[in-house]
Number of protein chains: 2
Amino acid sequence: MAATIKDIARLAGVSPATVSRVLANKTAFYGPTTAEKVQAAALKLGYRKNTAAAELVTQHSNVIAVVVNSVKTNFSSQIITGIQDTAAAHGLHVIIVYAGITDPEAQRKALLTVIERPVMGILLLSLNLTPENLQLLQGAQTPYCFLSIAFDDGDLPSIASDDWQVGYQATQTLLKAGHRQIGLAAVDSDSHTGRFRLAGYESALRDAGVTPQAEWVQPGVYSYEAGREAMAAYGVTSGLTGVVAGSDMAAIGVLNQARNLGLAVPTDLSIVSIDGTEMCELVQPQLTSVSQNFYDMGAAGVRQLLAPDQHPQQVTPIQVVERETVRTLPVK
Amino acid sequence: MAATIKDIARLAGVSPATVSRVLANKTAFYGPTTAEKVQAAALKLGYRKNTAAAELVTQHSNVIAVVVNSVKTNFSSQIITGIQDTAAAHGLHVIIVYAGITDPEAQRKALLTVIERPVMGILLLSLNLTPENLQLLQGAQTPYCFLSIAFDDGDLPSIASDDWQVGYQATQTLLKAGHRQIGLAAVDSDSHTGRFRLAGYESALRDAGVTPQAEWVQPGVYSYEAGREAMAAYGVTSGLTGVVAGSDMAAIGVLNQARNLGLAVPTDLSIVSIDGTEMCELVQPQLTSVSQNFYDMGAAGVRQLLAPDQHPQQVTPIQVVERETVRTLPVK
DNA sequence: TAATTTTAAGCAAACGTTTGTTTAATTGGT
DNA sequence: ACCAATTAAACAAACGTTTGCTTAAAATTA
């Protein structure tokens with residue numbers, strides 16, 4: 001079995017208290033020779049601190065937990081990198097647990113995994129909690145912050161892009177290139193995110209003097225399949241010259257499905273994607289996107305955990321990056 | 001502050017011991033009315049068990065930790081799903097921590113994060129540990145198992161594909177289609193994995209009466225960039241009609257770079273990829289691949305943790321799945 | 001009714017740390 | 001040489017659980 005502080009104490013001929021202090025590099029309460037003896041004994045026994053025991057007495061932990069929904073849109077790695085870097089800079093550790101995207105029971109289990117042990121804070125990655133699970137989360141006396149998702153309830157701390165702007169700017173990118181018939185694909189219609197993107201999309205159209213058509217929007221869950229299905233629903237006769245897709249994966253779905261339908265991108269159909277992950281540059285042609293600042297989202301998340309009172313809801317900037325999937329239409 | 005078992009005991013007018021027993025659903029030592037009182041009190045106080053404290057006394061944990069290298073090849077999600085499902089079936093929780101791919105210090109920190117708290121076992125995802133860090137891992141008295149990576153040292157428990165077979169079958173897929181000049185791209189030359197894939201590749205060539213050429217292999221780290229660089233190094237004048245790429249990402253790299261060079265895939269160049277993640281079907285043309293069984297790898301990993309003694313080294317099956325990137329050459 | 005068994009609940013120790021307080025030993029000043 | 005001040009180390013309590021053991025009460029048996 002693993003060596004404890006007491007084993008070291010015995011071997012070095014000192015008290016556990018002293019061992020604890022030298023191992024924690026406390027500045028006082030022991031002399032240089034004792035310190036050496038203790039270090040030597042610790043090394044010899046291959047001592048590993050039992051952090052759980054330490055956290056129990058100090059009543060404070062330095063791990064932050066990230067709960068991720070396992071949806072197949074892969075911006076999470078960028079957010080996690082942002083979290084990781086910022087956490088490391090503050091001397092914090094990061095653990096990640098996966099929750100099912102919809103299954104409330106899987107969500108609950110994931111939540112309990114982190115709530116039932118001492119964590120310093122909880123970051124929830126594009127996770128839509130059921131009311132019961134939200135209550136569970138709030139019942140734990142732990143700071144938390146939602147990432148890449150926003151709520152109508154303004155009190156829930158969250159960091160995300162301005163979804164209305166996302167929808168607006170994506171649409172505007174196509175409008176500026178002369179498009180008038182523009183679809184919105186694979187954006188879900190019942191989340192805050194989806195509703196605001198839709199609203200932004202419609203505003204952009206109206207501001208350009210185009211009246212939105214119901215059949216131009218094909219809702220979906222941001223997945224590759226949702227993208228394909230949306231494009232399949234449009235078909236070749238929709239008259240659409242451009243579509244904005246709810247995610248990079250969805251955009252690839254419409255891209256591939258368009259190809260299946262015999263539509264060349266961007267010659268016959270322009271696409272602007274939402275997210276701007278590295279996927280955009282892997283695919284041919286490369287996807288023009290309104291890119292979110294995922295790294296910063298993660299970084300802001302851990303800062304929010306460290307100073308929980310200020311700005312409960314934060315917005316990270318977006319930017320449209322032009323690549324190869326929008327064609328400028330000739331003026332007629 | 002959070003409610004403890006003692007708070008419940010006080011509220012329900014019983015002892016902490018009794019509370020502990022009813023909350024753990026122990027079968028005896030208390031009566032039905034007491035049980036109800038305790039349940040009610042627990043609910044009222046919004047009690048959350050402090051698992052760390054419990055683990056401290058029971059000296060046993062039910063969380064398994066996964067250490068992931070953050071390389072940009074994304075099969076990890078499949079492995080993790082396999083781990084997650086199998087763990088859940090055994091009532092185990094899963095936490096994930098990211099380690100840098102090469103930075104030994106980041107590796108060490110990640111390792112310490114999991115070693116310094118009570119975990120039931122450790123799974124290491126395609127992680128190449130430095131000798132010091134390996135020693136650190138072995139010093140912890142915790143079962144562990146490497147996944148998707150094998151070692152020359154036969155004592156290290158690991159679950160992976162047979163890399164020699166991977167190299168052999170990938171190459172053979174091209175040979176069967178009539179190819180004779182076949183490259184190997186973005187496989188690293190100093191890991192066990194890379195060396196065995198290379199050996200399999202060369203054996204396949206020799207078995208078909210082709211003598212391998214040094215300039216046909218362009219080593220690399222399995223990344224998208226490595227794939228691009230390899231293809232760039234080949235150029236248009238290499239005479240290669242096919243290349244096997246070290247990973248899906250690498251394959252996409254050679255695919256895109258080939259296109260940049262004016263080479264059509266598969267007309268001018270055939271590609272077979274190694275891994276077979278969903279990426280293969282996202283890209284156009286879809287990548288023919290030798291696919292690994294990542295889900296099973298994860299599942300086998302947790303089983304290995306639960307019964308550590310048997311088969312220290314296991315192999316999961318592979319299969320080649322034909323898609324659109326290998327062209328059958330006309331017989332001359 | 002007395003003796004015995006069963007059931008219900010409490011007591012107290014233990015897990016591996018941290019840290020405030022106490023005690024002992026050393027140093028320094030006069 | 002004595003007292004104060006400093007330094008070094010040990011003591012002991014605490015964190016929130018679990019669980020073996022003990023005790024008290026109730027139920028069963030003869």
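First the proteins, then the strands, lettered A, B, ... as listed; each starts at 1. All heavy atoms count here, side chains included; hydrogens, waters and symmetry mates do not.
No more than 12 heavy atoms of other residues, nucleotides or ligands shown are found within 6.0 angstrom of CD on B:Gln135.
For DNA chain C, the outermost nucleotides in 5' to 3' order that have an atom under 4.0 Å from a heavy atom of chain B are C:dA8 to C:dG16.
Between the CG atom of B:Leu125 and the CD1 atom of B:Ile83 there is a distance of 5.5 Å, given to the nearest 0.5 Å. Separating the SG atom in A:Cys145 from the CG atom in A:Leu306 is a distance of 11.0 Å, to the nearest 0.5 Å. With rounding to the nearest 0.5 Å, the separation of CD in A:Gln313 from CZ in A:Phe146 is 10.5 Å. The distance from atom CG of A:Asp188 to atom CG of A:Asn128, rounded to the nearest 0.5 Å, is 8.0 Å.
Contacts between residues 7-21 of chain B and DNA chain D, defined by a heavy-atom separation under 4.0 Å, are made by B:Ala17, B:Ser20, B:Arg21.
Partner B:Tyr295 forms a side chain to side chain donor-acceptor pair (under 3.5 Å) with one of B:Thr316, B:Thr81, B:Asp85 and no other, that one being B:Asp85.
Across all strands shown, A:Lys6 has heavy atoms under 4.0 Å from base atoms, whether or not it also approaches the sugar-phosphate. Across all strands, A:Arg48 comes closer than 4.0 Å only to sugar-phosphate atoms, never to a base (heavy-atom distances).
In terms of heavy-atom proximity, B:Ser158 sits nearest to B:Ala150 at OG-CA, 4.0 Å.
Place B:Thr34 and A:Leu23 on DNA chain C by their nearest nucleotides, and B:Thr34 ends up nearer the 5' end.
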**Study point:** Chi angles and distances behind the salt bridge (charged side-chain N to carboxylate O under 4.0 Å, His left out) call for A:Arg117, A:Glu55
**Key:** CA-CA 10 Å; A:Arg117 60 198 76 226; A:Glu55 287 173 343; over 6 Å; no

